Protein chains: 2
Amino acid sequence: MTNNEQYSIGELSKYFDITARSIRFYEEQGLLAPERQGQSRIYHLKDKVRLKLILRGKRLGFSLAEIKTLFELYDTNPNSAAQLETMLALTDQKRAVLNQQLNDIQTLMNELDDVESRCKEELIELQKGNHL
Amino acid sequence: MTNNEQYSIGELSKYFDITARSIRFYEEQGLLAPERQGQSRIYHLKDKVRLKLILRGKRLGFSLAEIKTLFELYDTNPNSAAQLETMLALTDQKRAVLNQQLNDIQTLMNELDDVESRCKEELIELQKGNHL
DNA sequence: TTCAGCCTTTACGTTAACGTAAAGCTGGGT
DNA sequence: ACCCAGCTTTACGTTAACGTAAAGGCTGAA
């Protein structure tokens with residue numbers, strides 16, 4: 001009962017609104033490894049989840065190479081202490097970057113608020129003028 | 001009293017920890033327009049502020065072209081209604097992107113928390129083992 | 001069978017954001 | 001006078017992440 005849905009590359013590309021070329025490229029870079037039936041690629045739920053993670057990583061400004069190493073860290077079962085330490089260090093590092101982004105976004109949001117309210121005030125002024 | 005500090009390109013590059021090449025490139029792309037004294041560039045506070053904005057924009061994933069149009073929108077004194085509407089549309093658009101990023105970051109943070117706590121638990125287990 | 005629609009591989013092209021080298025001016029210190 | 005650090009321009013090189021043909025295989029409907 002572990003979900004047996006299958007997807008073609010075209011279905012996935014439509015679903016995520018990206019090109020098939022991109023999906024093949026991610027595979028070429030070692031981020032995906034879909035099953036094959038004959039020459040065609042068959043994607044399952046785990047591939048779909050991976051793609052989702054890839055796209056989210058990209059939106060956050062990670063390179064495909066970075067995303068790949070994150071996958072590898074996540075995939076290798078973390079049994080040795082050294083591996084775990086490495087993982088912790090990396091998560092901390094990423095966390096710092098994300099916090100920086102949060103700050104930036106907050107600052108920018110505030111500025112957008114300023115601009116927006118000033119714009120709206122000016123629009124109201126223009127409206128008043130039009131009544132004459 | 002409006003602050004008369006001057007900076008050389010070297011000073012600014014050290015301050016922001018970027019190369020002089022980058023700063024010249026931003027100028028080449030129309031994002032900066034420093035004063036000249038002879039052949040050398042002289043930067044003032046407003047240039048420094050601009051650079052800060054450029055770098056923040058970049059951290060948020062904006063292209064230099066996008067940053068430039070934002071600057072231009074910000075610079076043109078917004079007097080016509082059409083301009084104001086454009087500005088409002090753009091701010092809304094950007095706000096949507098930023099909100100998406102916030103979601104992504106939040107999701108990722110949670111996952112990092114999960115990974116981290118699992119790592120720490122495993123480390124503790126390893127410690128216990130070492131006592132035998 | 002022929003066609004359309006989807007898939008495949010191979011391979012060269014493109015864009016953004018610089019890196020990097022080459023070659024030269026220039027002001028201050030010794 | 002000379003040098004050096006820091007500035008300048010010009011121009012070609014580089015990397016990431018695809019875009020865009022080109023040429024062909026497979027499969028189901030007409």
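Basis for what follows: all heavy atoms, side chains included, without hydrogens, waters or symmetry-related copies. Throughout, a chain's letter reflects where its sequence line sits, starting with A, and its residues are numbered from 1. Note that the coordinates shown come from a computational prediction; the quantities given were computed from them, not determined experimentally.
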ILVMFWY network linking Ile42(A) to Ile9(A), side-chain heavy atoms under 4.5 angstrom = no
Between which nucleotides of DNA chain C, 5' to 3', does chain A make heavy-atom contacts below 4.0 Å?
-> dC7(C) to dA11(C)
Where at least one partner belongs to residues 10-19 of chain A, residue pairs that pass side chain to side chain donor-acceptor pair (under 3.5 Å), sequence neighbours excluded = Thr19(A)-Ser22(A)
Residues of residues 21-34 of chain B with a heavy atom under 4.0 Å from any atom of DNA chain D, listed by number, are Arg21(B), Arg24(B)
Do Arg56(A) and Leu53(A) touch side chain to side chain, with heavy atoms closer than 4.5 Å?
-> yes
Would you please test Leu51(B) and Ile18(B) for side chain to side chain contact (heavy atoms under 4.5 Å, CB included) and show each step?
-> CA-CA 10 Å; Leu51(B) 238 181; Ile18(B) 58 181; 4.0 Å; yes
Asn103(A): side chain to side chain contact (heavy atoms under 4.5 Å, CB included) partners, not counting sequence neighbours = none
In residues 25-40 of chain A, what donor-acceptor pairs under 3.5 Å come from side-chain atoms, sequence neighbours left out?
{"residue": "Glu27(A)", "atom": "OE1", "partner": "Arg41(A)", "partner atom": "NE", "Å": "2.6"}
{"residue": "Glu35(A)", "atom": "OE1", "partner": "His44(A)", "partner atom": "NE2", "Å": "2.6"}
{"residue": "Arg36(A)", "atom": "NH1", "partner": "Gln39(A)", "partner atom": "O", "Å": "2.8"}

Identify the two heavy atoms, one from Phe16(A) and one from Lys48(A), that lie closest to each other, and give their separation to 0.1 Å.
-> CZ-O, 3.6 Å
Sorted by number, the residues of residues 35-42 of chain A with heavy-atom contact under 4.0 Å to DNA chain C = Arg36(A), Gln39(A), Ser40(A), Arg41(A)
Distance (rounded to the nearest 0.5 Å) between Leu102(A) CG and Thr107(A) OG1 | 10.5 Å
Sub-4.5 Å side-chain heavy-atom contact between Tyr43(A) and Ile23(A) = yes
Apply side chain to side chain contact (heavy atoms under 4.5 Å, CB included) to Phe62(A) and Ile54(A), showing your working.
-> CA-CA 9 Å; Phe62(A) 292 78; Ile54(A) 293 172; over 6 Å; no
